[in-house]
There are 2 protein chains.
Amino acid sequence: MLSYTEENYLKALLQLTLEEGREEAGTNELAAYLGVKPATATAMLKKLREKELIEYERYGKITLRPAGRKSALEVLRKHRLWETFLYEKMEFTWDEVHEVAEQLEHIQSSKLVNKLDKFLGYPKFDPHGDPIPTAEGELKAIPRKTLSQIEVGESCVMVAVRDNSAPFLQYVVQLGLGINNKIKVLARQPYDAQLEIEVNGQKSTVSQKFAENIFVV
Amino acid sequence: MLSYTEENYLKALLQLTLEEGREEAGTNELAAYLGVKPATATAMLKKLREKELIEYERYGKITLRPAGRKSALEVLRKHRLWETFLYEKMEFTWDEVHEVAEQLEHIQSSKLVNKLDKFLGYPKFDPHGDPIPTAEGELKAIPRKTLSQIEVGESCVMVAVRDNSAPFLQYVVQLGLGINNKIKVLARQPYDAQLEIEVNGQKSTVSQKFAENIFVV
DNA sequence: TATATAAGTTAGAGTAATCTAACTATTAAA
DNA sequence: TTTAATAGTTAGATTACTCTAACTTATATA
Ligand SMILES: [Mn+2]
Ligand SMILES: [Mn+2]
Ligand SMILES: [Mn+2]
Ligand SMILES: [Mn+2]
């Protein structure tokens with residue numbers, strides 16, 4: 001039985017290594033992601049290694065072992081199912097779901113997870129466009145680009161967001177943007193890569209930082 | 001902000017003093033109810049007193065102060081709403097809901113509680129027949145007897161159960177009993193107060209202990 | 001290749017919740 | 001009213017998670 005905290009560390013490791021081509025994570029990076037000090041992370045890493053959930057040695061990189069990855073996927077599955085529940089059934093907006101799902105993901109009941117999945121109609125994606133791991137622990141990574149990689153004159157469809165924070169999501173809505181919206185890139189400032197885009201006939205200018213947090217196909 | 005554990009202590013105090021005419025609880029009783037040692041309860045009582053949530057002094061009885069009672073009622077409201085959700089929407093049986101609700105009752109989100117209430121159609125009772133406290137913290141205690149107090153020859157209607165444990169609830173179902181069922185008391189053994197009862201034409205013999213855990217009107 | 005910088009670890013301490021063992025106060029009986 | 005039983009507390013230790021401050025190792029660059 002894993003503690004609430006252990007689950008959070010494993011999920012963080014999974015998410016840090018989920019970006020394509022990444023297999024391992026570092027101590028400081030993990031600590032920053034979780035909002036704890038590196039010393040704290042080091043202590044927990046020893047514990048997770050003892051439980052055979054991660055591969056790790058002093059001053060070395062961290063990788064998930066199969067058991068650790070399985071647990072992390074279960075937590076991520078619950079997180080994304082609960083976000084979908086809050087969004088679809090509880091009238092939450094997409095910038096409100098993450099915080100509460102962060103708590104709900106630790107509820108222990110496999111029956112509840114599976115009934116929830118059924119109740120929601122076996123959704124494949126959460127409200128932010130992220131894929132929901134299956135009961136078997138499969139997580140399909142869809143090949144996708146960021147809005148910042150789209151050439152001037154090209155069009156694309158928004159499929160997900162990288163940043164899940166409330167201020168970012170609220171800004172996305174304010175721009176008239178959302179999952180499945182078609183975005184046309186009208187121009188790119190050579191100086192700072194600012195983008196001029198058009199969505200549903202509405203033109204906006206967004207920063208490179210913003211464009212890097214919008215996933216498109 | 002109360003910890004998970006503090007919430008459990010306050011809820012336990014509320015439930016111990018909920019039986020009519022009771023205002024105060026004792027340390028050992030509280031410890032037994034929560035499954036901890038009396039020494040542990042003493043430590044927590046000092047902390048809750050410090051936070052002005054309870055009235056308590058060395059070797060004295062414990063009572064909830066208004067702020068403590070308010071928090072306890074909020075937790076109890078969430079517990080019973082989640083039990084109703086699990087029973088009505090997640091296909092849980094009434095002996096399965098309590099354990100998971102024990103976890104869900106600690107989720108912090110007033111928006112979620114109120115949306116859940118709305119989603120369930122503002123239920124007044126949980127699956128065990130217990131009243132659900134309102135958002136304003138009101139809890140109506142319905143005057144009710146136990147099955148053991150019914151005279152031979154009389155009939156009554158089951159409205160709730162006192163014991164919420166899975167083995168007890170499974171036994172209730174096995175006897176063909178449930179909320180709103182009419183029960184007729186056919187006979188009472190003078191020796192050990194065993195009852196012979198009839199439900200939907202089905203006759204059964206139950207112990208006094210059992211009869212004391214069935215609430216009727 | 002030496003050394004400065006970044007990355008990571010260790011030691012020591014604090015808080016929250018729990019326990020055991022020994023003790024003290026209250027209450028009920030003899 | 002003394003004493004036995006019950007109820008409750010204290011002291012000291014443990015586990016989980018976190019921190020700060022000082023230290024060590026790895027790496028990158030000059
Ligand atoms: Mn999220
Ligand atoms: Mn979490
Ligand atoms: Mn319950
Ligand atoms: Mn609880």
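What's counted below: heavy atoms across the whole structure, side chains too, no hydrogens, waters or symmetry copies.
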[X] [atom1] to [N] [atom2]: how many Å, rounded?
{"X": "A/E50", "N": "D/dT15", "atom1": "CD", "atom2": "P", "result": "14 Å"}
{"X": "A/E24", "N": "C/dG8", "atom1": "CD", "atom2": "P", "result": "11 Å"}
{"X": "A/N28", "N": "D/dA26", "atom1": "CG", "atom2": "P", "result": "15 Å"}
{"X": "B/Y56", "N": "C/dA25", "atom1": "OH", "atom2": "P", "result": "14 Å"}
{"X": "B/L2", "N": "C/dT15", "atom1": "CG", "atom2": "P", "result": "19 Å"}
{"X": "A/E6", "N": "D/dT18", "atom1": "CD", "atom2": "C1'", "result": "15 Å"}
{"X": "A/Y33", "N": "C/dG8", "atom1": "OH", "atom2": "P", "result": "17 Å"}
{"X": "A/K37", "N": "C/dA6", "atom1": "NZ", "atom2": "P", "result": "17 Å"}

Between [X] and [N], does any side-chain N or O lie under 4.0 Å from OP1 or OP2?
{"X": "A/T40", "N": "D/dT18", "value": "no"}
{"X": "B/T27", "N": "D/dT9", "value": "yes"}
{"X": "B/R58", "N": "D/dT10", "value": "yes"}
{"X": "A/Y9", "N": "D/dT18", "value": "yes"}
{"X": "A/K46", "N": "C/dT9", "value": "no"}

message: Between A/F85 and B/F85 (judged by ring centroids, cut-off 6.0 Å), do the two rings come close enough to count as a pair?
response: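 Yes, they do, as the ring centres are separated by less than 6.0 Å.
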message: Check this for me, if you would: do B/E96 and A/K115 make a salt bridge, where the nitrogen-to-carboxylate-oxygen distance has to be below 4.0 angstrom?
response: no
[X], nearest nucleotide to its side chain (from [options]):
{"X": "A/A39", "options": "D/dT10, C/dG8, D/dC19", "answer": "D/dC19"}
{"X": "B/V36", "options": "D/dT20, C/dT18, D/dT18", "answer": "C/dT18"}
{"X": "A/T5", "options": "D/dT18, D/dT9, C/dA7", "answer": "D/dT18"}

Side chain proximity check, B/E196 to B/Q189, heavy atoms < 4.5 angstrom: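 No, their side chains stay 4.5 Å or more apart.
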message: Are the side chains of B/I150 and B/I183 in contact, using a 4.5 Å heavy-atom criterion?
response: no
message: Does A/E99, at its CD atom, have more than 12 non-hydrogen atoms belonging to other residues, nucleotides or ligands within less than 6.0 Å?
response: no
- request: Record whether the side chain of B/Y59 comes under 3.5 Å of the base of C/dT24 through a donor-acceptor pair of N or O atoms.
  value: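 Yes, a donor-acceptor pair under 3.5 Å.
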